[in-house]
Amino acid sequence: MQQIEDLQPELATLQEVCRPWFDALQAAKPQWTMAYHPRKKHNGGANNPGCHGDDIGEAVIYTRAPGRPTTVIDYPNNNVGGVEKFGLACVEFLHRGIPTLGCSTHLSAYPTSGGQGTQPERGPQVAAIMAHTAPYRAANWAVIVGGDFNLTSEASNVGHAADMNLIMGPAVGGTGAFHDAAQLELGRRLTRPTTDKNRRIDYVFLADTRTPWGTRGVTMSYEDSPAGHHLLKADAVLLRTAG
């Protein structure tokens with residue numbers, strides 16, 4: 001939270017946030033707009049108390065004004081056993097007059113609804129992101145989705161490529177409905193790891209409606225975090241005329 005204060009982003013998408021932390025921040029910052037999607041009760045372990053049995057989930061924060069419209073949805077096909085409920089927390093706002101949707105999410109990491117080493121519910125989760133954002137993209141809004149996708153963008157990873165292809169396009173070289181912000185900056189598909197375990201599974205995705213392929217002025221930086229995942233900071237210029 002201190003990093004949000006220091007960096008002053010217009011939009012922040014947070015994952016694995018304990019509900020009491022979110023409630024405390026919301027009370028401390030009434031001038032911001034926030035939404036929270038609870039995912040599960042979290043008790044942690046011997047070395048990490050987690051959320052002390054309270055909710056853990058994802059949050060989205062718009063720091064420029066209060067009272068902006070928000071939406072929180074559960075994904076369909078959402079872990080048949082009912083332990084974890086993945087979804088989206090979204091906020092609508094105007095960025096210099098451009099209608100913008102910003103969303104935070106977290107996708108399945110483990111085979112919680114069947115399979116060995118695969119996550120069969122993750123494909124429907126990605127499809128739900130595409131479905132929820134489709135009306136905004138069709139109306140030429142800027143759309144930003146940030147989160148822990150638990151997916152790599154390597155075409156050789158056959159367990160991930162089909163799901164990531166739904167977002168980034170064809171399997172998965174790019175020019176799909178969304179671009180990885182780092183992909184736009186560097187002009188290539190594979191970019192820096194985002195976790196302490198040297199994996200790239202966290203992303204800031206920008207819809208091609210206002211940040212089409214080849215857009216200039218997109219930068220990505222990585223900040224250290226005690227959470228095991230790096231903090232991703234993306235700066236993007238949104239086109240005033242839809243691309």
If every non-hydrogen atom of Pro76 is compared with every non-hydrogen atom of Ala128, which pair is closest and at what distance? CD-CB, 3.7 Å
To the nearest 0.5 Å, what is the distance between CZ (Arg64) and CZ (Phe93)? 9.5 Å
Pick out which of Leu206, Val145, Ile144 makes a side chain to side chain contact (heavy atoms under 4.5 Å, CB included) with Phe178. Val145
Is the closest side-chain heavy-atom distance between Thr63 and Lys29 below 4.5 Å? no
Hey, could you give me the CG/CD distance between Leu107 and Gln125, rounded to the nearest 0.5 Å? 5.0 Å
Could you please spell out the steps behind the side-chain hydrogen bond (donor to acceptor under 3.5 Å, both in side chains) verdict for Glu92 and Thr100? CA-CA 6 Å; Glu92 300 174 10; Thr100 304; over 6 Å; no
Non-hydrogen atoms of Glu16 and Glu58 that approach each other most closely: N-OE2, 3.0 Å
Transitive ILVMFWY side-chain link Leu88 to Val72, under 4.5 Å: no
So do Phe149 and Thr105 actually touch side chain to side chain, heavy atoms under 4.5 Å? yes
With a 3.5 Å distance limit and no angle check, can you tell me whether Thr33 reaches the backbone of Ala65 through a side-chain donor-acceptor pair? yes
For Cys90, is there any backbone N or O sitting under 3.5 Å from a side-chain donor or acceptor partner on Thr70? no
Over all atoms of both residues, closest heavy-atom pair of Pro135 and Ala131: CD-O, 3.4 Å
Could you tell me whether the side chain of Pro9 reaches within less than 4.5 Å of the side chain of Ile4, counting heavy atoms only? yes
So Leu11 and Ile61, side chain to side chain contact (heavy atoms under 4.5 Å, CB included) or not? Walk me through it. CA-CA 6 Å; Leu11 177 74; Ile61 301 172; over 6 Å; no
Leu238 with Tyr203, same ILVMFWY side-chain cluster at under 4.5 Å: no
Nearest heavy-atom neighbours spanning Leu231 and Gln3: CD1-OE1, 3.0 Å
With a 4.5 Å limit on heavy-atom distance, are the side chains of Glu10 and His95 in contact? yes
Are Val143 and Ile73 connected in a single hydrophobic cluster, I mean Ile/Leu/Val/Met/Phe/Trp/Tyr linked by side-chain heavy atoms less than 4.5 Å apart? yes
Rounded to the nearest 0.5 Å, what separation is found between the CG atom of Leu101 and the NE2 atom of His132? 5.5 Å
Measure the acute angle between the ring planes of Tyr136 and Trp141, then classify it against the limits of 30° and 60° as parallel, tilted or perpendicular. perpendicular
Going through the distances and angles, do Thr13 and Val204 end up as a side chain to side chain contact (heavy atoms under 4.5 Å, CB included)? CA-CA 9 Å; Thr13 65; Val204 177; 5.7 Å; no
Heavy-atom side-chain contact between Phe205 and His179 under 4.5 Å: no
Main chain of Glu84, side chain of Arg39: is a donor-acceptor contact present, judged purely on distance under 3.5 Å? no
Mind checking whether Pro20 and Asp54 have side chains closer than 4.5 Å, heavy atoms only? yes
Using 4.0 Å as the upper bound for N to carboxylate O, is an ion pair formed by Lys41 and Asp55? yes
Heavy-atom donor-acceptor pair, Arg210 side chain to Arg240 backbone, under 3.5 Å: yes
Val60 to Val91 - nearest heavy-atom pair and separation: CG2-CG1, 3.8 Å
Interatomic spacing from NE2 in His42 to CD1 in Ile56 - rounded to 0.5 Å: 4.5 Å
Quick one: does Pro99's side chain get under 4.5 Å of Leu94's, heavy atoms only? yes
State yes or no: do Met168 and Leu166 share one hydrophobic cluster built from I, L, V, M, F, W and Y residues joined by side-chain heavy-atom distances below 4.5 Å, directly or via other members? yes
Calculate, to the nearest 0.5 Å, the distance between atoms CG and CE belonging to Leu14 and Met34 respectively. 9.5 Å
Carefully, step by step, assess Tyr75 and Phe86 under the rule ring pair (Phe, Tyr, Trp, His ring centres under 6.0 Å). CA-CA 6 Å; Tyr75 294 143; Phe86 293 87; 7.5 Å; no
Quick one, Val126 with Ile167, criterion side chain to side chain contact (heavy atoms under 4.5 Å, CB included). Give me CA distance, side-chain angles, the key distance, then yes/no. CA-CA 7 Å; Val126 174; Ile167 305 172; 3.5 Å; yes
What's the verdict on side chain to side chain contact (heavy atoms under 4.5 Å, CB included) for Cys51 and Arg19, showing C-alpha distance, side-chain angles and the deciding distance? CA-CA 8 Å; Cys51 297; Arg19 185 64 186 247; over 6 Å; no
Between CG on residue Leu7 and CG on residue Asp235, distance to nearest 0.5 Å: 9.5 Å
Looking at every heavy atom in both Ala89 and His37, which two are closest together, and how far apart are they? CB-N, 4.1 Å
